[in-house]
Amino acid sequence: MDALPPASPPDPSGQPCHGGRETFDAAARAAGKTEVMDQLMKDYPRGPHDQPQSMCPAFGSLRVGLRMRRVATILSGSACCVYGLTFTSHFYGAKRTVGYVPFNSETLVTGKLFEDIRDAVHETAKPEDYDAVVVTNLCVPTASGVPLELLPKEINGVRIIGIDVPGFGVPTHAEAKDVLTGAMLRYARNEAEQGPVARPRNHSDEARNICLVGELFPADPVGIGQILAPMGLAAGAQAPCREWRDLYSALDSVAVAALHPFYTASVREFRAAGRNVVGSGPVGVEGTAAWIEAIGIAAGVPETQREAARQAVLPAIRAVLAANPINARITVSGYEGSELLVARLLIEAGAEVPYVGTACPRTEWSAADAEWLKAQGCHVQYRASLEQDLAAMKEAKPDLALGTTPLVQKAKEMGIPALYFTNMVSARPLFSIAGAGSMAGIVAAQTKGRERFSRMVSFFEGVGTPDGAGYGFREKPVDPPGFRDRQRKLRAAKAKAEEAVGT
Ligand code: SF4
């Protein structure tokens with residue numbers, strides 16, 4: 001792909017939803033959060049665009065906590081943010097209570113908010129109900145320096161985890177998952193270093209487990225387990241975990257597979273526990289071969305067993321790819337972190353993928369995928385903005401666009417078949433033999449509909465677009481004579497007047 005346009009802020013006012021990153025960042029530092037902000041900046045380097053450009057990043061950490069057994073979640077933030085976050089959680093089927101400590105200007109300024117949070121934590125931390133309580137500072141409490149680090153570390157055996165997940169410090173909801181996962185791993189590692197800890201369910205002292213990092217489709221750990229078996233390894237705990245004691249199991253692995261490449265804080269904890277961490281994932285023939293080699297070496301597996309693993313799965317993956325060819329030009333965009341792996345799989349299945357954009361940052365765990373994709377002529381855009389994804393789609397004119405909601409909407413307006421990455425692509429296996437055949441059917445079904453899309457676009461031509469939208473039109477709406485011209489002159493006059501007073 002050629003040069004992409006520079007990204008612009010998501011909001012016409014130039015401010016993301018928290019009202020200005022620099023202002024909030026400066027406020028947080030002045031309020032004593034310098035260390036927190038420095039760590040966030042280091043772990044999650046910024047990209048070309050301001051954020052959030054999609055949903056509130058804190059949704060990522062909220063979801064990780066809500067998916068864990070015996071973990072309570074308390075949010076501290078503006079009511080509107082908490083409304084949006086709880087709404088989204090329940091929309092995605094959380095079925096769990098989200099605690100909230102409200103505040104007003106007075107409780108924020110006097111420090112009473114912190115006392116209210118402390119009271120809420122004491123009230124919630126009942127060992128018969130919970131292993132841990134997670135308290136999350138959203139934008140305003142982070143910027144105001146609400147000191148969650150002063151909360152007790154533990155109440156009656158219930159662990160207390162305080163995290164700051166401000167939209168002006170954590171660029172995507174993907175990386176917010178890492179904020180909580182990393183904080184929990186750190187806590188669990190300290191516990192394990194100090195003495196015996198609870199035995200993880202189904203723990204076997206003999207098993208040589210590989211910890212899988214990333215929220216995976218349920219069939220994927222099974223497929224990965226098949227790849228690992230000939231090497232005497234097994235798919236172990238996943239991080240983010242489903243219950244507290246799984247954290248010990250994750251830390252106890254022989255090596256770690258960073259299948260999703262944005263878990264920087266979590267990897268820090270695995271490395272502190274002495275674990276080797278391997279990037280990329282077993283996608284397609286080449287991806288799986290390279291991954292077997294890397295994970296086998298990381299786990300100290302001899303070459304004969306690595307070769308046995310290759311022989312056990314590569315012919316089957318090759319056969320499935322050959323039986324399910326993809327003959328289409330596809331652009332890939334998303335914020336899940338698996339975009340590069342999906343693009344690799346599509347290319348191995350025969351697709352032409354000229355562009356892959358991910359909202360996640362460049363990290364060492366996706367470096368091999370980026371190199372491989374570049375060698376296939378694919379443009380890889382880290383920290384891609386919506387504007388860059390749209391520009392790439394317009395230029396590439398794909399048969400199918402995989403992307404986020406606004407991209408899919410735009411694609412449909414243009415008559416391009418499109419699929420929502422989160423619901424359609426992430427909701428099917430990606431790795432090993434099952435992954436090899438998972439995309440072909442859906443791509444074929446969508447690209448076949450292209451002609452239908454073109455008919456729809458020509459049928460609705462000019463209707464429902466911004467100034468023709470609304471109820472009650474019987475015919476195609478017609479502009480009042482001279483309307484556009486008058487508006488253009490008014491805009492020009494306004495711009496001139498503003499220039500004259502130097503604003
Ligand atoms: S917490 Fe921050 S980023 Fe999230 S919705 Fe509120 S203002 Fe926006």
Side-chain angles (χ1 to χ4, degrees), residues 7-31 33 36-37 39-41 43-66 73-92 94 98-105 107-109 113-114 116-117 120 134-148 161-180 183 262 335 359-361 383 385-386 404-406 422:
S8 57
D11 181 289
S13 69
Q15 304 289 351
C17 79
H18 45 71
R21 189 179 71 201
E22 279 71 27
T23 314
F24 267 47
D25 183 86
R29 287 171 189 279
K33 292 273 180 189
V36 171
M37 293 310 300
Q39 190 63 57
L40 291 176
M41 288 279 281
D43 286 351
Y44 314 116
R46 300 219 173 100
H49 62 276
D50 238 338
Q51 76 286 345
Q53 205 176 19
S54 60
M55 71 182 81
C56 167
F59 178 60
S61 56
L62 177 63
R63 197 171 112 123
V64 163
L66 288 175
T73 298
I74 296 175
L75 294 178
S76 151
S78 304
C80 48
C81 310
V82 173
Y83 168 74
L85 286 164
T86 50
F87 179 93
T88 317
S89 313
H90 296 305
F91 179 81
Y92 281 102
V98 179
Y100 174 42
V101 183
F103 67 83
N104 56 33
S105 315
T107 60
L108 194 64
V109 170
L113 172 59
F114 176 70
D116 290 347
I117 292 173
V134 177
V135 187
T136 305
N137 263 350
L138 302 177
C139 282
V140 171
T142 301
S144 308
V146 174
L148 296 183
I161 314 273
I163 51 171
D164 292 279
V165 191
F168 55 90
V170 182
T172 61
H173 83 288
E175 290 152 295
K177 294 178 191 174
D178 178 49
V179 175
L180 181 55
F262 53 82
Y335 45 61
C360 294
R383 282 279 189 248
S385 65
L386 174 63
T404 53
T405 313
T422 306

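Computation of the quantities below employed the complete heavy-atom set of this structure, encompassing side-chain atoms and omitting hydrogens, waters and symmetry-equivalent molecules. First listed ligand is number 1; within each ligand, the first listed atom is number 1.
- Within ligand 1, the atoms closer than 4.0 Å to a non-hydrogen atom of G167 are 3 (S), numbered from 1 in the order shown.
- In the vicinity of C81, heavy-atom distances shorter than 4.0 Å reach the ligand 1 atoms 1 (S), 5 (S), 6 (Fe), 7 (S).
- Taking both residues in full, the closest heavy atoms of P57 and P171 are given as CG-O, 4.2 Å, listed atom of the first, atom of the second, then distance.
- Using cut-offs of 30° and 60° for the angle between ring planes, the F59 and Y92 rings count as tilted.
- Of all atoms in ligand 1, numbered sequentially from 1 with element shown, those under 4.0 Å from a heavy atom of L138 are 1 (S).
- The heavy-atom pair separating R383 from A359 by the smallest distance is NH1-O, 2.8 Å.
- When distances to atom 6 (Fe) of ligand 1 are checked against a cut-off of 2.8 Å, C80 contributes no N, O or S atom below that limit.
- Annotation for ligand 1: atoms under 4.0 Å from non-hydrogen atoms of C56 are 1 (S), 3 (S), 4 (Fe), 5 (S).
- Under the 30°/60° scheme for interplanar angles, the aromatic rings of F91 and F87 are found to lie parallel.
- Side-chain atoms of T172 come within 3.5 Å of backbone atoms of E175 as a donor-acceptor pair (strictly under, hydrogens ignored).
- Among A79, C139, P141, P57, the residue whose heavy atom lies closest to atom 2 (Fe) of ligand 1 is C139.
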